[in-house]
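See below for the structure under consideration.
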2 protein chains.
Amino acid sequence: MNLKDLADLLGLSPTTVSRALNGFPEVAEATRKRVEEAAQLHHYRPNTQAKRLATGRAMAIGHVIPLCSQHEIVNPVFADFIAGAGEVYAREGYDMVLISVPVEDHAQAYRELRAKRNVDGVIVHAPRAGDGRIALLHELGLPFVVHGRASGVDLPYAYVDVNNARAFERATNFLLDLGHRRIALLNGVEGMDFALRRQRGFARAFAARGLEPDPSLMIAGEMTEAQGHDAACDMLRRADPPTAFITASLLSAVGVRRGLWELGLRMGRDVSILTHDDELGYFRNGAEEPIFTATRASVREAGRRCASLLLDMIATPDMATDMAPATQLMEAVLVLGASTGPAPDRSVPPMTTAQGLPL
Amino acid sequence: MNLKDLADLLGLSPTTVSRALNGFPEVAEATRKRVEEAAQLHHYRPNTQAKRLATGRAMAIGHVIPLCSQHEIVNPVFADFIAGAGEVYAREGYDMVLISVPVEDHAQAYRELRAKRNVDGVIVHAPRAGDGRIALLHELGLPFVVHGRASGVDLPYAYVDVNNARAFERATNFLLDLGHRRIALLNGVEGMDFALRRQRGFARAFAARGLEPDPSLMIAGEMTEAQGHDAACDMLRRADPPTAFITASLLSAVGVRRGLWELGLRMGRDVSILTHDDELGYFRNGAEEPIFTATRASVREAGRRCASLLLDMIATPDMATDMAPATQLMEAVLVLGASTGPAPDRSVPPMTTAQGLPL
DNA sequence: TTGAAAGCGTTACCAT
DNA sequence: ATGGTAACGCTTTCAA
C-alpha cells in the first residue's frame with residue numbers, strides 16, 4: 001500500500017493525500033478526516049526511502065564510535081547516553097545510526113558519511129584534547145554536537161558537557177579541607193579530554209593553597225575495577241601511602257575498595273575514597289549503592305540534550321553560525337554520603353548540590 | 001556531485017557510469033577505468049537514499065532494544081555485541097539502526113518498522129521465555145535473528161546463543177564434585193530466557209545426583225555488584241550458609257567477593273565463587289582480571305555471527321524457510337583459574353574447554 | 001559496449 | 001481546496 005494506491009482508493013490525487021497526512025492547512029477538514037481514516041484502516045506508512053529522497057533529508061543522526069579496539073564502546077555510560085538520545089529521535093521521527101570507525105581513518109569515514117548523505121548530523125563521542133574531528137566536521141559542513149569538549153580546539157562548536165574541572169576541584173578541596181595532603185588521583189585514559197579537565201581541577205585545588213600533588217599518586221588508564229585495585233594495593237604498600245583516593249569512575253572505586261579490604265584497611269577510617277561517576281558529575285563515598293544505577297538518569301539526560309540540540313541545529317541551519325547559546329554545561333553535582341561500615345573516625349558530612357557556580 | 005554530473009563530465013550516460021561503478025561485466029575495461037578514476041578524483045559517492053529507493057533495499061539492519069526503563073541497554077555486554085555486529089555491517093555496506101522501543105508496544109513498533117521499510121531485517125535482543133516478538137516477526141515476514149533463544153516458542157527461527165544450561169550444569173557439577181552441597185545461585189532477571197536456562201542447568205546437576213537445591217539460596221534480579229554483595233551478606237549470615245556461589249555475571253561476583261571480605265571470609269578457602277560472565281560462557285573463580293575485558297572477544301564474536309547470519313538470510317530469502325543450518329549455538333567455555341590471595345585450602349584445578357559436547 | 005527512458009514513492013511547485 | 005507534473009538520484013529494462 002503506497003501513496004498512489006491509497007489515493008486511487010479514495011478517488012483523490014496523491015498530492016492531496018500527502019497534504020492531508022502531513023498536516024497541510026489547505027486541505028478540507030472532511031477530506032483530511034477521510035484520508036486519515038483510510039490510512040489507518042489500510043495501515044499505510046509512507047516509504048521512508050522515498051520520503052528521504054524527495055525531501056533531501058535523511059531523517060537520521062549518526063553516532064560515530066571511535067573503535068580503538070579498547071575503551072569507549074565498552075563504556076557502560078555509552079549505552080545510557082544512547083538510550084537518552086534514542087528517546088528524542090523516536091519522538092521526532094529520526095533514526096539513530098551507529099557507525100563504528102577504526103580510529104585510523106576518521107577523515108575518510110566522515111567524508112563518506114557526508115557524501116553519501118545518509119545522516120543529517122552527527123554526535124561526536126569521546127573527544128580527545130585537540131580532537132581533529134571538530135575541524136573536519138566544520139569543513140564538511142555536517143551539523144554536529146560533541147558529547148564533551150576538546151581542549152585546544154579554537155573553533156566554536158556545540159557541545160554538552162559536565163563541568164569536570166570544577167567537579168574535581170571541589171572534590172579535592174573537600175579532601176584538603178579535611179586535612180588530607182597525600183591524595184591519589186585515578187584518572188581516565190590520557191589524551192581523553194575529560195581526563196585532562198579532571199586533572200586540571202585536581203591540580204588547581206592544590207595550587208590554590210600553595211601545595212603540589214605528588215605525581216606518583218596520579219595515574220591514568222582504563223577505568224576498570226582492576227585499575228583501582230592494583231593502584232590501591234600498590235600505593236597503600238608504599239612508605240608514604242595516600243590517605244585518600246579520588247577515582248574517575250565507580251568501577252575504579254570498587255577496585256580501590258577491594259584493595260582496602262585485602263590490606264585490612266577500612267574505608268572512611270583509614271582511607272577516604274571519592275568517586276566520580278563517569279562523566280556524570282556524581283561523587284559519592286564508596287559504592288554502597290548498585291553500580292551504574294545512580295548515574296543512569298544523568299547520562300540519559302546528556303543523551304537527550306545532545307540529541308535535541310542537534311535536531312534544533314538541523315531545523316534552523318543559521319543557528320550553526322551562532323553557537324554560543326547551543327552549548328550546555330551541566331554543572332557537576334556533589335553527592336557525598338556517609339560511608340558505610342563501622343562509624344568512621346572522621347565522619348563525612350553531606351555536601352550540598354553545587355548550583356549556579358561560575359565556570 | 002551526482003551520477004548525472006559525473007556522466008556529463010565524462011561524456012557518458014548515467015547508465016554506463018552506474019554500470020561501471022557497480023561492477024557490471026558488460027562495460028569496457030577502458031571505460032570502467034576512466035569512470036573509476038573520475039569518481040575517485042571528484043569524490044563521488046552515490047546518494048544512499050536514491051540507491052535505496054531504486055533498489056528497494058534499505059541497506060540497514062535494525063537493532064531493537066526493549067526499553068523497560070531498566071536492564072538490558074545498561075548491560076555492558078550490549079555495547080560489545082554492537083561493536084561486533086558493526087564490523088560486519090561496515091564491511092557489507094549496511095547501516096546499523098538502533099531502535100529503542102518501550103516494552104508496551106512491541107507490536108506497533110515492529111509493524112511500523114516493516115511498513116516504513118527502513119530496515120531489511122532485525123536483530124532481536126534480550127529474548128524472554130515465550131517472547132511474542134518471534135511470532136510477530138514471522139507474521140510480518142521481516143527477516144530476523146535472535147541473540148539468545150526463547151523457550152516455549154515453537155516456531156523455527158535463526159539464533160545465536162551460548163549453551164547456558166550446559167554451562168551452568170557443568171559449573172554446578174564442578175562444585176558438587178568438590179563436595180559442595182549448599183550452593184547459592186545468583187541469577188539474572190526472572191523471565192529472561194538466559195536466566196531460565198541457567199537455572200535449568202543448575203537444577204539438572206542436582207537432580208542427576210538425586211539432590212535438590214535449596215530454593216532460598218536461589219535469587220533472581222539485576223546482575224549488579226549490589227545484588228552480589230547483599231545476597232552474600234544475607235546468605236552467609238544465616239544458620240546454614242552456602243559454601244559456594246554461582247553468579248550469573250562478573251559484577252555480581254565482585255559484589256559477593258566484597259561481601260566475603262566484609263564478613264572476614266576468604267574466597268577459595270571458606271567459600272567458592274564461580275562466575276558466569278554475561279552470556280559468554282566464561283566461568284572463572286573470582287575476579288582477578290579486569291571487569292568486562294575477558295568477555296569482550298566473545299560478545300563481539302556473537303555480534304558478528306548474528307549480523308552475518310542475518311545478512312545471509314537477506315541475501316538468500318529461501319534460506320528463511322530452512323532455518324536449521326542458520327542457528328548457531330556457541331558452546332560454553334569453562335575457564336576456572338586458581339583463586340587469588342593466600343593459597344586456598346581447597347585448590348581449584350584448571351578446567352579445560354568444553355568442546356564438542358552434545359546439546 | 002553504450003544509451004534512452006521508465007520506474008522507485010514521495011514531496012513541491014504551479015495551475016485551476 | 002484539489003490535481004497535474006516535475007523533481008529527487010539512482011537502477012534496470014529494452015533498444016541500438
Side-chain angles (χ1 to χ4, degrees), chain A residues 1-36 38-39 42-60 93-95 112-120 315, chain B residues 1-36 38-39 42-60 93-95 112-120 315:
Chain A
M1 171 67 54
N2 60 22
L3 192 64
K4 187 168 179 311
D5 295 340
L6 191 61
D8 290 349
L9 216 75
L10 285 160
L12 289 168
S13 76
T15 313
T16 305
V17 177
S18 170
R19 279 197 278 240
L21 259 25
N22 289 299
F24 280 64
E26 65 254 35
V27 2
E29 214 33 67
T31 314
R32 159 160 302 134
K33 187 134 197 209
R34 211 156 61 87
V35 171
E36 274 169 353
H42 297 89
H43 303 111
Y44 168 74
R45 289 281 174 282
N47 180 304
T48 312
Q49 324 301 344
K51 193 167 199 156
R52 287 171 173 172
L53 180 58
T55 58
R57 293 185 310 159
M59 295 303 285
Y94 275 76
D95 275 353
E112 292 226 349
L113 213 57
R114 169 76 193 165
K116 285 163 59 187
R117 307 202 112 79
N118 49 357
V119 298
D120 295 321
Chain B
M1 170 69 52
N2 59 23
L3 191 64
K4 184 165 183 313
D5 295 340
L6 190 62
D8 290 349
L9 216 75
L10 285 160
L12 289 168
S13 76
T15 312
T16 305
V17 177
S18 169
R19 281 198 275 240
L21 259 24
N22 288 301
F24 281 64
E26 64 253 36
V27 2
E29 216 31 68
T31 314
R32 161 162 299 137
K33 188 133 198 211
R34 212 158 60 86
V35 171
E36 274 170 352
H42 296 90
H43 303 110
Y44 169 75
R45 289 280 174 283
N47 179 305
T48 312
Q49 324 303 344
K51 192 166 201 156
R52 287 172 172 173
L53 180 57
T55 57
R57 293 186 311 158
M59 295 302 285
Y94 275 75
D95 275 353
E112 292 227 346
L113 213 57
R114 170 75 192 165
K116 286 163 58 187
R117 307 203 113 81
N118 50 357
V119 298
D120 295 321

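Lettering of chains follows the sequences in order, A, B, ..., and the numbering in each one begins at 1.
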Any donor-acceptor pair under 3.5 Å from [X] side chain to [Y] backbone:
| X | Y | result |
| --- | --- | --- |
| B:Asn22 | B:Phe24 | no |
| A:Asn118 | B:Thr48 | no |
| A:Arg117 | B:Asn47 | no |

Grab the [atom1]-[atom2] distance between [X] and [N] for me, whole Å please.
| X | N | atom1 | atom2 | answer |
| --- | --- | --- | --- | --- |
| A:Asp5 | C:dC8 | CG | C1' | 13 Å |
| A:Met59 | C:dT10 | CE | P | 15 Å |
| B:Asp8 | C:dA4 | CG | P | 11 Å |
| A:Arg57 | C:dT10 | CZ | P | 16 Å |
| A:Gln49 | C:dT11 | CD | C1' | 15 Å |
| A:Leu6 | C:dT10 | CG | P | 9 Å |
| A:Lys51 | D:dC10 | NZ | P | 22 Å |
| A:Met1 | C:dT10 | CE | P | 11 Å |

Which heavy atom of A:Arg57 sits nearest a heavy atom of A:Tyr94, and at what distance?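 Where A:Arg57 meets A:Tyr94 most closely, the heavy atoms are NH1-OH, 4.0 Å.
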
Which heavy-atom pair separates B:Gln49 from A:Ala58 by the least distance, and what is that distance?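 Smallest heavy-atom distance, with atoms named: NE2-CB, 3.5 Å.
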
With a 4.0 Å cut-off on heavy atoms, is A:Arg52 in touch with a base, just the backbone sugar-phosphate, or nothing at all? nothing

Within the structure shown, what part of the strands sits under 4.0 Å from B:Thr15 by heavy-atom distance: base, sugar-phosphate, or nothing? base

Check every atom of [options] against the side chain of [X] and return the nucleotide holding the closest atom.
| X | options | answer |
| --- | --- | --- |
| B:Asn2 | C:dT10, D:dG9, D:dT11 | D:dG9 |
| B:Glu26 | C:dT10, C:dT2, D:dG9 | C:dT2 |
| B:Arg19 | C:dG3, C:dT10, C:dA12 | C:dG3 |
| B:Pro46 | D:dA1, D:dC10, D:dT11 | D:dC10 |

If you measure only the distance, is there a donor-acceptor pair under 3.5 Å linking the side chains of A:Ser13 and A:Thr16?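 A donor-acceptor contact under 3.5 Å links the two side chains.
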
[N] OP1/OP2 closer than 4.0 Å to side-chain N/O of [X]:
| X | N | answer |
| --- | --- | --- |
| A:Tyr44 | C:dG9 | no |
| A:Asn22 | C:dT11 | yes |
| A:Thr31 | D:dT2 | yes |
| B:Ser18 | D:dT12 | no |

Would you kindly compare B:Phe24 and B:Leu53 by the position of their nearest DNA chain D nucleotide and give the one closer to the 5′ end?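 Between the two, 5'-proximity favours B:Leu53.
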
Side-chain donor or acceptor of A:Thr16 under 3.5 Å from a matching atom on the base of D:dA1? no

Hey, which of these two, A:Leu3 or B:Val17, hits DNA chain C nearer its 5' end, going by closest nucleotide? B:Val17

